[in-house]
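In what follows, chains are A, B, ... by sequence order, proteins preceding strands, each numbered from 1.
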Amino acid sequence: MTGPEASVGGDPVLVVACKEFVELVTEHLDGTLPTRLDQAIAAHLELCEPCVHYLEQMRGTVSLLGTLPRETLSPAVRNQLLDVYARLHRGPSGAP
Amino acid sequence: MQKPADRTTPGVVSSVVAAGHPGGSEPQSDLLERLRAGDRESFADLVDGWSPALLRVALLYVSTRASAEEIVQDTWLAVISQLDRFEGRSSLKTWVFRILENLARTRGRREARSVPWSSAFPEPREPDGGRPTVDPRRFRGPEDRWPGGWTLVGRPTRWQPPPDDAAVSADLRRHLSHALAELPERQRTVVELRDVHGLSSDEVCERLALTAANQRVLLHRGRARLRTRLEAVYRDKETDYDRP
């Protein structure tokens with residue numbers, strides 16, 4: 001077990017509290033945290049089930065956002081564009 | 001680095017992924033060659049893969065769906081006609097989005113909605129600047145044996161069934177859409193571009209002229225609010241969802 005004062009090879013070991021983890025979770029998911037902090041988070045998650053749930057909930061929220069319906073071009077406009085493309089860039093597989 | 005969610009159908013992936021590669025890279029050159037040779041399928045992949053995000057970005061400049069769709073249409077026409085002249089210094093994706101933004105800016109000015117996004121919703125209007133994203137009452141105080149740890153009643157519990165379970169996903173999606181619509185404008189825009197449309201953080205920063213740090217804060221606060229909302233849905237529905 002590590003406490004706030006614990007150290008390895010002279011370097012103080014970072015300890016992350018739950019309250020801090022929830023504010024670091026986005027950077028943790030993006031992989032933009034400094035290595036030491038990411039290691040501290042990994043150590044925290046090993047021991048803290050509620051934070052694992054929190055992380056999972058954040059992941060679940062992001063995944064669900066990725067399934068929300070998105071507006072796009074109407075099929076008519078889309079097909080028109082493909083026709084224009086085919087007219088201007090004729091090739092072996094593109095010939096109408 | 002976490003890759004943005006790939007929203008395209010399996011066959012679409014290769015062209016769309018290649019087009020995100022840096023200019024001059026091999027996948028990019030291969031794709032350009034295919035596009036210039038008239039590979040209709042590759043072009044269709046790009047149109048299908050990017051049009052939703054292009055439409056969303058266009059709406060940062062103009063106020064109606066019809067105008068935005070015209071801008072996206074004009075963007076693809078410009079891409080078609082300039083494809084042979086594209087030098088490939090940037091990625092194809094960057095090039096396409098820049099064409100869109102130039103067209104959208106012109107159009108936005110004409111429609112008198114020329115105020116750029118960043119000045120329309122400036123920083124100080126963010127209502128919850130540096131405040132915690134989780135209710136502090138859910139954590140133990142500084143005098144506790146575990147300062148900053150979850151309290152017994154405050155700790156998150158497993159979402160059961162998980163959000164992607166067909167039994168709950170439609171209902172959760174409905175709540176999520178409502179919650180998303182209610183986010184502060186800047187947070188909503190960043191969350192939509194990142195998580196709904198799958199743009200990378202770099203892309204979002206460029207589209208919205210944000211620093212990496214600001215983008216991260218907006219994304220974090222937005223996502224945290226949405227999670228809180230879903231958590232409330234799970235709590236309210238506990239009895240419903242637990243029923244076999």
Side-chain angles (χ1 to χ4, degrees), chain A residues 4 15-32 44 47-96, chain B residues 1-2 5 7 35-41 43-44 47-48 51-53 55-56 65 69 72-73 76-77 80-81 83 132-134 136 139 146-150 155-159 162-164 169 172-173 176-177 180 191-192 195-198 201 212 216 219-220 223-224 226-227 230-231:
Chain A
V15 174
V16 172
C18 307
K19 198 177 178 174
E20 293 158 352
F21 169 72
V22 298
E23 303 302 342
L24 295 171
V25 65
T26 302
E27 285 173 86
H28 174 66
L29 286 172
D30 260 356
T32 51
H44 179 87
L47 300 169
C48 183
E49 201 174 275
C51 280
V52 171
H53 292 323
Y54 190 89
L55 178 64
E56 280 312 309
Q57 293 174 2
M58 215 45 151
R59 281 209 185 102
T61 304
V62 173
S63 310
L64 203 62
L65 282 165
T67 67
L68 291 183
R70 303 185 300 169
E71 283 197 273
T72 189
L73 295 175
S74 65
V77 169
R78 178 218 184 244
N79 292 333
Q80 228 177 340
L81 285 169
L82 295 193
D83 289 343
V84 175
Y85 169 78
R87 271 205 303 280
L88 262 86
H89 298 270
R90 281 171 202 278
S93 58
Chain B
M1 270 291 191
Q2 199 203 12
R7 304 224 17 167
L35 289 173
R36 286 172 178 153
D39 183 349
R40 191 184 162 109
E41 213 171 300
F43 185 71
V47 171
D48 295 340
S51 290
L55 204 55
R56 180 63 188 83
R65 156 74 210 239
E69 186 163 18
V72 176
Q73 192 178 358
W76 287 118
L77 290 172
I80 292 169
S81 65
L83 199 53
T133 56
V134 176
F139 300 102
W146 294 286
W150 298 102
R155 61 179 52 170
T157 52
R158 193 189 296 278
W159 284 351
D164 58 357
S169 59
L172 289 175
R173 232 176 253 132
L176 191 60
S177 291
L180 186 59
V191 170
E192 284 185 6
D195 295 337
V196 180
H197 292 287
S201 52
R216 214 159 47 221
L219 179 69
H220 178 63
R223 279 181 182 174
L226 298 176
R227 188 214 63 90
L230 293 186
E231 184 177 52

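Closest approach of F139(B) to C18(A), counting heavy atoms only: CE2-C, 3.8 Å. Across T72(A) and E69(B), no two heavy atoms sit closer than the pair O-OE2, 4.5 Å. Considering every non-hydrogen atom in both G148(B) and A17(A), the closest pair reads O-CB, 3.9 Å. Contact between G60(A) and P163(B) at its shortest, heavy atoms only, is CA-CG, 4.2 Å. V47(B) and R78(A) get closest at one heavy-atom pair: CG1-CG, 4.1 Å. Scanning both residues, I80(B) and L81(A), for their nearest heavy atoms gives CD1-O, 3.6 Å.
Listed options E56(A), E20(A), E27(A) were ranked by heavy-atom pairs under 4.5 angstrom with chain B; first place goes to E27(A). Chosen from R158(B), R155(B), E192(B), the residue pairing most often with chain A at heavy-atom distances under 4.5 Å is R158(B). The candidate from S169(B), P136(B), A44(B), P147(B) with the greatest count of non-hydrogen atom pairs under 4.5 Å with chain A is A44(B).
The contact between C48(A) and chain B is made entirely by side chain atoms (from C-beta outward), counting heavy-atom distances below 4.5 Å. Looking at A224(B), the atoms closer than 4.5 Å to chain A (heavy atoms on both sides) sit in the backbone and in the side chain alike. Interface residue R65(B): only side-chain heavy atoms are found under 4.5 Å from chain A.
One finds the CG atom of L55(B) at 6.5 Å from the CG atom of L73(A) (value rounded to the nearest 0.5 Å). Atom-to-atom distance recorded for L77(B):CG and L88(A):CG is 9.5 Å, nearest 0.5 angstrom. Between atom CG of residue L230(B) and atom CG of residue L65(A) there is a gap of 8.0 Å, rounded to the nearest 0.5 Å.
V134(B) has its side chain out of reach of F21(A): every pair of non-hydrogen atoms, C-beta onward, lies at least 4.5 Å apart. Within the 4.5 Å cutoff, the side chain of W76(B) has no heavy atoms near those of the V77(A) side chain.
Between the side chain of Q57(A) and the backbone N or O of R227(B), no donor-acceptor pair lies under 3.5 Å. E23(A) places no side-chain N or O within 3.5 Å of a backbone atom of P132(B) that could act as its donor or acceptor partner. In this structure, the side chain of H220(B) does not engage the main chain of V25(A) through any donor-acceptor pair within 3.5 Å.
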Quick one, H89(A) with L35(B), criterion side chain to side chain contact (heavy atoms under 4.5 Å, CB included). Give me CA distance, side-chain angles, the key distance, then yes/no. CA-CA 8 Å; H89(A) 298 270; L35(B) 289 173; over 6 Å; no
Evaluate the criterion side chain to side chain contact (heavy atoms under 4.5 Å, CB included) for residue pair L226(B) and M58(A); output intermediate values, then yes/no. CA-CA 9 Å; L226(B) 298 176; M58(A) 215 45 151; over 6 Å; no
Chi angles and distances behind the side chain to side chain contact (heavy atoms under 4.5 Å, CB included) call for L68(A), L180(B): CA-CA 11 Å; L68(A) 291 183; L180(B) 186 59; 3.9 Å; yes
Might you work through the side chain to side chain contact (heavy atoms under 4.5 Å, CB included) test for T61(A) and R223(B), ending with a clear yes or no? CA-CA 7 Å; T61(A) 304; R223(B) 279 181 182 174; 5.6 Å; no
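In this structure, H44(A) has no side chain to side chain donor-acceptor pair (under 3.5 Å) partners at least two apart in sequence or on a different chain. With sequence neighbours excluded, no residue forms a salt bridge (charged side-chain N to carboxylate O under 4.0 Å, His left out) with E49(A).
By the 30° and 60° cut-offs, the orientation of the rings of F43(B) relative to Y85(A) is parallel.
Counting heavy-atom neighbours within 6.0 Å of R36(B) CZ, excluding the residue itself, gives a total above 12.
A donor-acceptor pair shorter than 3.5 Å cannot be found between the side chains of T26(A) and R216(B).
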